[in-house]
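Report on the following structure.
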Amino acid sequence: MSATGIVLCGGRSTRMGKDKASLTIDGETMIERAIRVVRAVADDVVVVARADQAIPAGTLVVHDVVAGLGPLAGIVAGLAASATDVNFIIACDMPLIRTAVLTRLAALRGDADVCVAVADGHASPLCAVYRKHVGAIGQELLATGERRVMALLDRVQTKRVDAAVFRDIDPDLDSFISCNTPQAYAALCARRAAL
């Protein structure tokens, strides 16, 4: 299966107070970790970044057509740059995503346009598998002023998978943990240091 890995890191990091992509976990920046994870399951990697972000060399970097519209705009930009039908989309502030989780999401997708896990009652659209044509629908939503990724999931055929099906490969469901506040980052660093 040919696939592209799309890493979203272009957010303003307002809750974190500094660029999340440059924070380190286990000696790697969050952006380096995310690129490594998707590179293990995809043929190509696309990073959707802000114009002022430092991105590791050798990676295709694209930008939102209009900055500041959130992850939906990043998804649209990433899918527009993709050359494959199947795309793994992850956020760089989810640093514990496991490649096995992405592979299983792809296997579970079937004919759906998007396949997402549902953890604690919430879908995780930034650790998911998207078909390329979903980007055009996302662009239509942006043109109407819609910025919610959930609106996109509601417009396309989305397969929602109970996150419990990943417990054999990710027992604590760490793949679906976002690290977007200083408190979450400190807690994650303390947890990793205790391992």
Side-chain angles (χ1 to χ4, degrees), residues 3-97 102 114 116 124-153 177-186 188-189:
T4 299
I6 298 171
V7 178
L8 305 183
C9 71
R12 293 176 291 186
S13 298
T14 51
R15 284 179 285 181
M16 183 65 77
K18 60 178 86 169
D19 183 32
K20 292 178 287 192
S22 63
L23 296 176
T24 58
I25 300 286
D26 301 337
E28 280 180 297
T29 64
M30 287 201 197
I31 187 61
E32 289 168 341
R33 287 179 74 90
I35 291 170
R36 177 174 52 79
V37 167
V38 294
R39 192 164 272 147
V41 295
D43 304 293
D44 300 306
V45 176
V46 174
V47 174
V48 183
R50 290 188 325 272
D52 62 338
Q53 281 181 299
I55 304 300
T59 305
L60 174 61
V61 179
V62 298
H63 308 288
D64 296 348
V65 175
V66 178
L69 295 184
L72 179 58
I75 290 169
V76 168
L79 291 173
S82 170
T84 61
D85 185 46
V86 176
N87 299 273
F88 297 100
I89 295 186
I90 70 171
C92 77
D93 65 359
M94 298 173 75
L96 302 182
I97 292 175
L102 294 174
V114 178
V116 298
S124 294
L126 303 185
C127 174
V129 180
Y130 289 70
R131 293 188 64 200
K132 180 174 174 59
H133 76 269
V134 170
I137 298 163
Q139 183 60 55
E140 291 172 11
L141 289 170
L142 288 172
T144 68
E146 180 61 71
R147 294 173 52 180
R148 296 173 303 121
V149 177
M150 290 304 158
L152 175 62
L153 298 189
I177 295 174
S178 288
C179 185
N180 53 22
T181 66
Q183 297 80 8
Y185 177 62
L188 181 59
C189 289

### Query
Can you check side chain to side chain contact (heavy atoms under 4.5 Å, CB included) on R33 and C92, steps first, answer last?
CA-CA 8 Å; R33 287 179 74 90; C92 77; over 6 Å; no
### Task
Test V46 against V62 for side chain to side chain contact (heavy atoms under 4.5 Å, CB included), laying out the working first.
CA-CA 7 Å; V46 174; V62 298; 3.8 Å; yes
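Counting only heavy atoms from C-beta outward, the side chains of M94 and I177 never approach each other to under 4.5 Å. I97 has its side chain within reach of L102: a pair of non-hydrogen atoms, C-beta onward, lies under 4.5 Å apart. With contacts defined as side-chain heavy-atom distances shorter than 4.5 Å, the pair V116/S124 does not qualify. Using a 4.5 Å cut-off on side-chain heavy atoms (C-beta onward), L142 and L72 make contact. Between V134 and L152 the shortest side-chain heavy-atom distance falls below 4.5 Å. Side-chain contact between C9 and Q53 is present, with at least one heavy-atom pair separated by less than 4.5 Å.
For T59, the side chain to side chain contact (heavy atoms under 4.5 Å, CB included) criterion is met by I35, R39, V45, V47, I55, not counting sequence neighbours. Take Q139 and apply the side-chain hydrogen bond (donor to acceptor under 3.5 Å, both in side chains) test, not counting sequence neighbours, and it matches no residue. In this structure R36 satisfies the salt bridge (Lys or Arg N to Asp or Glu O under 4.0 Å) test together with E28, sequence neighbours excluded. With sequence neighbours excluded, the residues satisfying side chain to side chain contact (heavy atoms under 4.5 Å, CB included) with A151 are L141, E146, R148.
In terms of heavy atoms, A21 sits closest to T29 at O-CB, 3.4 Å. Taking every heavy atom of both residues into account, T24 and C189 meet most closely at O-SG, 4.2 Å. When every heavy atom of A42 is checked against every heavy atom of G5, the shortest pair comes out as CB-N, 3.3 Å.
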Show every donor-acceptor pair shorter than 3.5 Å between a side-chain atom in residues 75-91 and any protein atom, with sequence neighbours excluded, or say none if there are none.
| unit_1 | atom_1 | unit_2 | atom_2 | d |
| --- | --- | --- | --- | --- |
| S82 | OG | T4 | OG1 | 3.3 |
| S82 | OG | T84 | N | 3.1 |
| S82 | OG | T84 | O | 3.1 |
| S82 | OG | T84 | OG1 | 3.3 |
| S82 | OG | N87 | OD1 | 2.5 |
| T84 | OG1 | T4 | N | 3.1 |
| T84 | OG1 | T4 | OG1 | 2.8 |
| T84 | OG1 | V86 | O | 2.8 |
| D85 | OD1 | R131 | NE | 3.4 |
| D85 | OD2 | R131 | NE | 3.0 |
| D85 | OD2 | R131 | NH2 | 3.3 |
| N87 | ND2 | T84 | O | 3.2 |
| N87 | ND2 | D85 | O | 3.1 |
| N87 | ND2 | Y130 | O | 3.3 |

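Between atom CE of residue M30 and atom CG of residue N180 there is a gap of 9.0 Å, rounded to the nearest 0.5 Å. To the nearest 0.5 Å, atoms CG (D93) and CG (L23) are separated by 10.0 Å. Between R147 atom CZ and L69 atom CG the span is 5.0 Å, to the nearest 0.5 Å.
A salt bridge (Lys or Arg N to Asp or Glu O under 4.0 Å) check over residues 69-80, counting only residues at least two apart or in different chains, returns nothing.
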